[in-house]
Amino acid sequence: MTPVSGARYTHGHHESVLRGHRRRTAENSAAYLLPWLRPDQRLLDVGCGPGTLTVGLAGRVDHVHAVEPTPAALASAREHARRCGQHNITFATADVHALPFADDTFAVVHAHQVLQHLADPVAALAEMRRVCSPGGLVAVRDSDYATFTWYPADPALDDWLRLYCAAARANRGEPDAGRRLLAWAHAAGFVDVTASTDSWCFATPDDRAAWGGMWADRILQSALADQLLADGTADHATLQAISAAWRRWAAHPDGWLAVLHGQLLCRA
């Protein structure tokens with residue numbers, strides 16, 4: 001997701017970022033929503049990223065409209081859908097604060113890891129509610145960075161979390177979005193809301209290699225790295241130390257990391 005209204009997307013679209021996003025599937029990132037999907041539904045996927053989650057949702061409904069704010073961000077999603085042979089997805093550029101759809105258009109409106117990057121998540125939720133049909137569902141899921149926990153401890157990883165959260169807030173986002181979702185939904189006018197949590201856990205050699213390797217590259221090469229260096233909040237030596245810490249963690253046979261997510265099903 002690349003928000004265009006009042007906030008800057010902290011991660012950017014470097015290959016290391018997209019590599020991590022491509023590991024997201026309907027099963028590991030939208031399990032709370034899957035029981036509610038039906039073959040006759042139209043679904044809007046807000047901030048579809050590289051499309052792996054989108055394709056999984058599209059296999060369960062009649063049609064998906066997938067949106068991102070910039071054309072470049074849609075390219076990998078279109079290509080992934082083409083490779084998977086999933087033809088019931090329409091891709092378009094759109095800003096979640098001003099969606100180009102009529103009222104009551106979709107049975108389901110979905111956004112994964114989007115609200116944390118927005119300057120006005122309440123307005124975004126209200127707009128998602130507008131395009132959702134009466135009785136339909138708005139489904140949102142966001143991580144909560146303050147709940148990230150890992151083993152073994154490493155001061156350089158503490159530095160990573162501190163620097164990331166500072167950068168996200170400088171961009172007018174909220175990295176601890178998971179705990180705020182319910183409050184944001186109430187502020188957007190939702191009354192019938194089911195809140196829950198879920199988590200990712202990275203503890204196998206393959207999962208550690210993917211997550212740790214992704215962040216080892218991202219802290220050096222992504223938009224986050226550029227921002228930290230430009231703002232003077234970190235220097236090259238600090239970022240190199242964080243990158244090395246991620247690789248140490250990934251290689252450790254006892255390495256373990258958990259990410260807590262808040263998630264909501266909001267009845268329109």
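Not measured: the values here are computed from a predicted model. Residues: numbered from 1 along the sequence shown.
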Between [X] and [Y], what is the shortest heavy-atom contact and its length?
X: Asp142; Y: Ala177; value: CB-CB, 3.9 Å
X: Ala268; Y: Ser133; value: CB-O, 3.6 Å
X: Cys48; Y: Thr54; value: CB-OG1, 3.3 Å
X: Leu163; Y: Thr233; value: CD2-O, 3.5 Å

Hey, is the main chain of [Y] close enough, under 3.5 Å, to the side chain of [X] for a donor-acceptor pair?
X: Asp144; Y: Gly262; result: no
X: Ser243; Y: Ala216; result: yes
X: Arg172; Y: Arg8; result: no
X: Asp154; Y: Ala156; result: yes
X: Asp95; Y: Ala98; result: no
X: Ser29; Y: Ala26; result: no
X: Gln227; Y: Ala167; result: yes
X: Tyr32; Y: Val140; result: yes
X: Glu68; Y: Gly49; result: yes
X: Arg130; Y: Phe101; result: yes

Is any NZ, NE, NH1 or NH2 atom of the basic residue among [X] and [Y] found under 4.0 Å from an Asp or Glu carboxylate oxygen of the other?
X: Asp217; Y: Arg247; result: yes
X: Arg129; Y: Asp103; result: no
X: Asp207; Y: Arg23; result: yes
X: Glu27; Y: Arg60; result: yes

Hey, what do you get for [atom1] ([X]) to [atom2] ([Y]), rounding to the nearest 0.5 Å?
X: Thr10; Y: Gln116; atom1: OG1; atom2: CD; value: 8.5 Å
X: Glu174; Y: Cys165; atom1: CD; atom2: SG; value: 8.0 Å
X: Met128; Y: His97; atom1: CE; atom2: NE2; value: 11.0 Å
X: Arg83; Y: Glu79; atom1: CZ; atom2: CD; value: 5.0 Å
X: Leu118; Y: Asn171; atom1: CG; atom2: CG; value: 12.0 Å

When you compare the side chain of Leu44 with that of Leu99, does any pair of heavy atoms fall below 4.5 Å?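 Yes, at least one pair of side-chain atoms sits under 4.5 Å.
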Can you name the residues that form a side-chain hydrogen bond (donor to acceptor under 3.5 Å, both in side chains) with His261, not counting sequence neighbours? Gln113
Would a single hydrophobic cluster contain both [Y] and [X], if residues Ile, Leu, Val, Met, Phe, Trp and Tyr are joined by side-chain heavy-atom contacts under 4.5 Å?
X: Phe106; Y: Phe91; value: no
X: Val114; Y: Leu53; value: no
X: Leu34; Y: Leu265; value: yes
X: Tyr164; Y: Leu239; value: yes
X: Leu125; Y: Leu137; value: no

Taking the cut-offs as 6.0 angstrom to the six-membered ring centre and 45 degrees off its axis, would you call Arg218 and Trp211 a cation-pi pair? no
Does Arg180 make a cation-pi contact with Trp184 (under 6.0 Å, within 45 degrees of the axis)? no
Between Tyr145 and Trp160, what is the ring plane arrangement, given parallel below 30°, perpendicular above 60°, and tilted in between?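 Ring orientation of Tyr145 relative to Trp160: tilted.
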Do the ring planes of His13 and Tyr9 sit parallel (below 30°), tilted (30 to 60°) or perpendicular (above 60°)? tilted
Gln41-Asp62 side chain donor-acceptor pair, cut-off 3.5 Å: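 No.
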Distance-only donor-acceptor check, side chains His63 and Arg42, under 3.5 Å: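 Note: His63 and Arg42 side chains miss the donor-acceptor criterion.
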Quick check: Trp249 with Trp215 (ring centres under 6.0 Å apart)?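 Aromatic pair excluded; centres sit 6.0 Å or further apart.
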For the pair Asp176 and Arg169, evaluate salt bridge (Lys or Arg N to Asp or Glu O under 4.0 Å) and give the outcome as yes or no after the intermediate values. CA-CA 10 Å; Asp176 297 342; Arg169 292 191 172 104; 3.1 Å; yes
Under the criterion side-chain contact (heavy atoms from CB on, under 4.5 Å), which of Thr238, Asp159, Ile242 is the partner of Ile219? Ile242
Using side-chain contact (heavy atoms from CB on, under 4.5 Å) as the criterion, list what pairs up with Ala258, not counting sequence neighbours.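 Once residues adjacent in sequence are excluded, the partners of Ala258 under the side-chain contact (heavy atoms from CB on, under 4.5 Å) criterion are Thr149, Trp256.
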Table please: side-chain donor-acceptor pairs of residues 189-201 below 3.5 Å, with sequence neighbours left out.
| unit_1 | atom_1 | unit_2 | atom_2 | d |
| --- | --- | --- | --- | --- |
| Ser196 | OG | Gln263 | NE2 | 3.1 |
| Trp200 | NE1 | Asn28 | O | 2.8 |

